[in-house]
Amino acid sequence: MSNQTIVTEFLLQEFSDSRELQLLHFAIFLAAYLAAVIGNLLVIMVVALDHHLHTPMYFFLVNLSILDLGSISVTVPKSMTNSLWNTRLISYAGCVAQVFLFFFFIAANFAFLTIMAYDRCIAICKPLHYETIMKRRACVQMAVSAWVSGILHAALHTGNTFRLPFCHSNIINKFFCDVPQLLQLSCSDSSLSEVGILIFSGCLVFICFCFIVVSYVQILSVVLRIPSKQGQQKAFSTCIPHLVVVSLLIFTGTITYMIPTSNSPSGLDLVLAVLLAIVPPTVNPIIYSMRNKKMKAALGKYIGWKLFNGKTVCIFVL
């Protein structure tokens with residue numbers, strides 16, 4: 001192609017031409033980002049300080065919080081900066097970094113959720129063998145495998161996407177760089193790449209999903225045989241937060257990547273991008289804190305909550 005031009009930068013989705021709405025977008029994203037950062041840092045801090053939480057389940061939860069911090073920090077700050085400075089630009093290298101890091105954090109996140117399902121299955125179905133199976137070395141090995149699988153998954157997606165030349169346009173209809181939008185900008189036929197990415201990701205997600213389903217089928221069969229209602233509730237209390245987080249990630253990811261990519265910006269694309277990039281990292285700490293008695297007790301120990309004149313006041317007691 002003699003008329004082909006080399007793309008050196010991309011233009012991300014603009015939320016509005018109005019300066020007031022741009023500042024409103026900045027404020028909303030800033031609030032969500034701060035909520036995600038504070039919530040996940042609290043989880044990490046409380047687990048690190050409370051020796052009662054130094055168990056495999058909370059070790060994996062800390063890793064999950066680190067990944068949530070990373071995933072939201074890859075996309076949201078750049079979008080906020082663009083709105084604040086009234087620009088849409090992101091460099092080619094910045095776009096490559098966004099794609100790699102976002103897919104890395106998402107893939108590793110799902111890997112840890114799969115490991116946590118296995119951890120809950122062992123804890124409930126084989127409680128007498130739990131400490132033998134979930135030893136420190138085994139937990140570290142599983143954590144390392146999750147991080148490494150995330151790196152490999154992200155490298156495959158990133159390399160497969162950016163090996164293609166871009167010449168149709170440099171406008172990305174999303175507030176961060178993502179593979180489906182980039183494939184639409186490719187000069188060459190990217191259908192095989194797109195199919196290959198979908199098949200590979202779909203197989204990985206399906207395998208992990210089947211493993212999680214099998215784990216919870218075994219958990220359910222054991223819990224239903226527990227004679228006391230209190231025992232059943234105690235067992236379910238450690239599983240419900242995990243199930244909610246898994247369902248949220250699968251739901252947002254499936255909807256985002258299964259719906260065909262549009263050629264023009266739309267409100268649906270914006271909603272789906274927010275659901276995938278912002279909602280899970282923001283609500284995950286709330287889900288684990290509100291539904292987990294040990295986490296609530298630890299939060300109450302290190303962060304005192306008192307009611308004063310009908311208002312909730314947080315008093316740090318560290």
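The analysis underlying the following values was restricted to heavy atoms, covering all of them including side chains, and did not include hydrogens, waters or symmetry mates.
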> Taking atom types as modelled, is there a side-chain donor on E9 or N170 under 3.5 Å from an acceptor on the other?
Replying inline: no

>> Would you say that more than 12 heavy atoms from the other residues, nucleotides or ligands in this model lie under 6.0 Å from the CZ of R19, or not?
In response: yes

>> Would the distance check show the side chain of N86 and the main-chain N or O of N82 forming a donor-acceptor pair, the cut-off being under 3.5 Å?
In response: no

> Is the H153 ring parallel, tilted or perpendicular to the F103 ring (thresholds 30°, 60°)?
Replying inline: tilted

> Do F175 and H25 come close enough that some side-chain heavy atom pair is under 4.5 Å?
Replying inline: no

>> With no hydrogens and no angle check, just 3.5 Å: does a side-chain donor-acceptor pair link D68 and N109?
In response: yes

> If two hydrophobic side chains count as joined below 4.5 Å and joins carry through other members, does L21 share a cluster with I28?
Replying inline: yes

> Among the clusters formed by ILVMFWY side chains lying less than 4.5 Å apart, do L84 and L12 turn up in the same one?
Replying inline: yes

>> Would you say the rings of Y58 and H54 are close, in the sense that their centroids are separated by under 6.0 Å?
In response: no

> Quick one: does S79's side chain have a donor or acceptor within less than 3.5 Å of a partner on V76's backbone?
Replying inline: no

> Should the heavy atoms of other residues, nucleotides or ligands under 6.0 Å from CD of E131 be counted, would the total exceed 12?
Replying inline: no

>> For a quick test of reading the model, state the closest non-hydrogen atom pair linking F112 to A146 and the distance between them.
In response: CE1-CB, 3.6 Å

> A32 and T282: which non-hydrogen atoms are nearest, and at how many Å?
Replying inline: O-OG1, 3.7 Å

>> Could you check whether any side-chain N or O of N284 sits under 3.5 Å from a backbone N or O of P280, counting only pairs where one atom can act as donor and the other as acceptor?
In response: yes

> Y118 vs F211 aromatic rings, parallel, tilted or perpendicular, using cut-offs 30° and 60°?
Replying inline: tilted

> If you take all heavy atoms of Q181 and N173, which pair is closest and at what distance?
Replying inline: CG-N, 4.1 Å

> Are the side chain of S65 and the backbone of L61 linked by a donor-acceptor contact shorter than 3.5 Å?
Replying inline: yes

> Any chance the side chains of S73 and Y33 put a donor and an acceptor closer than 3.5 Å?
Replying inline: yes

>> Using a 6.0 Å cut-off, check whether atom OH of Y92 has over 12 heavy atoms from anything other than its own residue.
In response: yes

> With no hydrogens and no angle check, is any side-chain donor or acceptor of D50 less than 3.5 Å from a backbone partner on H52?
Replying inline: yes

> Under the 3.5 angstrom rule, does the side chain of Q98 hit a backbone N or O of F176 as a donor-acceptor pair?
Replying inline: no

> Where do V222 and I124 come nearest, in terms of heavy atoms and distance?
Replying inline: CG1-O, 3.7 Å

> Is L89 linked to W85 within one hydrophobic cluster, defined over Ile, Leu, Val, Met, Phe, Trp and Tyr using a side-chain heavy-atom separation of less than 4.5 Å?
Replying inline: no

> Any side-chain heavy-atom pair from P56 and Y130 closer than 4.5 angstrom?
Replying inline: yes

> Are V148 and M116 connected, step by step, through hydrophobic side chains (Ile, Leu, Val, Met, Phe, Trp, Tyr) whose heavy atoms are closer than 4.5 Å?
Replying inline: no

